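A short write-up of the structure that comes next.
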Amino acid sequence: MFSLKFGGTSMGNAEAIAQTAEIIISHPEKHKVVIVSAMSGVTDLLISAAECATQINKVCYKNYLQQIEEKHITALGELVKNTDLYTEGENFIKSKISGLSGFLHALTVIGEVSPRSNDEIISLGEILSAKLLSLHVKDRNEKTEFISLENIVSDMFEHEHTKADKHFFECFSHKLGKLLTPLLEENITPICTGFFGKIPGGIVNAVGRGYSDFTAALVGKACNATEIQIWTDVSGILSTDPRIVKDAHVIDELSFNEATELANLGAKVIHPQTIWPAVKNDIVVRIKNTMAPNDMGTAITKLGKNSNHSFKSITVQKNITVLTIRSSNMSESGILIDLFQNFALYNISIDLVSTSESSISVTIQDGHRNLSQLITKLEKTYVVEIVHNKSIIAIVGNEMLHNMGVAGRFFSALANAKINIKMISQGANESNISAVIAGKDANNAVKVVHTEFFHTA
Ligand code: ADP
Ligand code: ASP
Ligand code: MG
């Protein structure tokens with residue numbers, strides 16, 4: 001069995017959806033579950049609609065809903081020729097948009113969007129795209145069933161789970177297996193929403209944007225997949241972000257560990273949570289290009305591939321804030337615990353940490369809504385310096401420290417380009433070396449480090 005996930009660009013318009021359907025129908029694996037993202041741009045439109053509904057010009061949400069409706073009705077017209085199926089699709093789209101319009105109208109009165117309401121709103125993106133694809137596949141006379149995962153959580157877990165932790169997702173995956181296995185046994189291909197319900201804390205807080213990759217991994221685990229395929233708009237995981245270095249090359253194989261590091265350090269091509277369900281069952285994760293399906297893509301496997309280079313890829317994370325916390329007695333025992341407990345209290349996760357005798361510096365994502373509360377609390381005991389608009393550049397690969405000179409080359413390349421380093425960190429499992437630099441230097445840093453390690457401009 002294969003779990004196949006198609007991202008926003010693979011669902012971007014009628015042409016892309018037809019190509020996605022072609023991949024599903026002609027796929028050599030008989031048993032597969034399909035998971036889809038919203039049509040590209042739709043989740044952003046839904047978030048804008050929600051923001052509108054709670055702001056001064058409250059009715060502007062209607063414009064966003066109209067754009068979303070038009071986008072789906074246009075694609076439906078091009079994708080579904082059978083009249084009954086077309087009518088089913090049209091009624092479905094219109095009734096869902098009208099339902100959301102009512103929901104947003106209620107929000108104009110309440111004046112704020114809770115994480116739960118936010119989930120309710122963004123769920124529509126995947127509900128509409130999955131329905132559209134399933135109607136098109138049916139129109140091509142294939143056995144399929146549209147499955148919305150939007151209520152699977154609230155049905156089962158509301159009273160049992162208060163945290164979206166690993167245990168929660170294990171139970172969730174079990175539930176997915178029970179839902180999907182009977183369909184696979186009947187040779188039906190389920191087409192599921194990448195959105196999977198109103199989880200504790202809300203999906204955007206607990207999992208983050210790009211959650212459909214994770215859904216595909218949970219489905220893969222649930223149904224004992226031999227492979228989880230992430231179909232996107234690039235031919236695999238590349239040596240760096242192709243928007244910064246045009247001729248970045250595809251990496252043919254990576255280990256679970258390397259892929260997790262890459263995703264956590266900002267390689268947007270795969271959601272950071274995608275790998276752990278695969279690790280548990282030793283399932284290959286393959287990144288493939290919907291527009292170039294014959295390209296081999298990147299295989300993510302337990303051990304990866306031994307290559308001459310321990311370094312594999314360069315990542316960059318933008319919009320980073322550095323907090324430097326000082327105390328006259330930093331070496332006193334218990335200070336680190338106190339600091340980390342405060343971050344946990346305000347639900348702010350830390351990326352990098354670097355300590356000295358007199359201070360500790362940590363990086364977090366810019367724009368965290370609880371940041372000012374945290375600072376007020378910390379300033380009661382410590383001196384806190386806050387610097388925004390930083391970036392983290394990292395080089396990633398297994399056992400890099402056994403490979404003499406990698407760190408030296410990394411820092412020299414930055415120094416030669418006159419890029420100042422504010423903070424340095426080496427991943428505890430020796431699979432990354434990271435530096436915090438000014439945000440304005442980020443793209444240049446990626447270019448010079450990529451040139452240093454891969455000899456391309
Ligand atoms: P999807 O909508 O299919 O989930 P995403 O936009 O989430 O696609 O991820 C694919 C994008 O990730 C690529 O178009 C590319 O711009 C970006 N990207 C960033 N870093 C990398 C990398 N190292 N390898 C490949 N793509 C990357
Ligand atoms: N559509 C959602 C997003 O844009 C989820 C996804 O694409 O995986 O974040
Ligand atoms: Mg994605």
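Remember, predicted model here, so these are calculated numbers, not experimental data. As the structure lists them, so they are numbered: ligands from 1, and atoms in each ligand from 1.
- For ligand 1, residues of the protein lying within 4.0 angstrom by heavy-atom distance are K5, G7, G8, T232, D233, V234, G236, I237, L238, T240, D241, P242, R243, A267, K268, V269.
- Using a cut-off of 4.0 Å between Lys/Arg side-chain N and Asp/Glu carboxylate O, D213 and K5 are scored as salt-bridged.
- By the neighbour-count criterion of 12 heavy atoms within 6.0 Å, atom OH of Y64 is sparsely surrounded, having that number or fewer from other residues, nucleotides or ligands.
- Ligand 2 has at least one atom lying under 4.0 Å from a heavy atom of G210.
- With a heavy-atom cut-off of 4.0 Å, F195 does not touch ligand 2 at all.
- A search for ring-ring contact (aromatic ring centres under 6.0 Å, His included) contacts involving F146 returns F92, not counting sequence neighbours.
- The shortest contact between atom 9 (O) of ligand 2 and any protein heavy atom is with R209 NE, 2.7 Å.
- With sequence neighbours excluded, no residue forms a ring-ring contact (aromatic ring centres under 6.0 Å, His included) with F343.
- Between F2 and H27, the ring centre distance stays below 6.0 Å.
- When each atom of ligand 2 is checked for a heavy atom of S37 under 4.0 Å away, the hits are 6 (C), 7 (O), 8 (O).
- Between F453 and F410, the ring planes are tilted. Angles from 30° to 60° get that label.
- The atoms of ligand 2 that sit less than 4.0 Å from any heavy atom of E126 are 1 (N), 2 (C), 5 (C).
- Considering both main-chain and side-chain atoms, S212 comes within under 3.5 Å of ligand 2 through a nitrogen or oxygen pair.
- Classified by interplanar angle (parallel below 30°, tilted 30° to 60°, perpendicular above 60°), the ring pair H249/H450 is tilted.
- The backbone N or O of S134 lies less than 3.5 Å from no partner atom in the side chain of T144, so there is not a single donor-acceptor pair.
- Note on residues 273-300: pairs passing salt bridge (charged side-chain N to carboxylate O under 4.0 Å, His left out), not counting sequence neighbours, are E170-K280, E227-R286.
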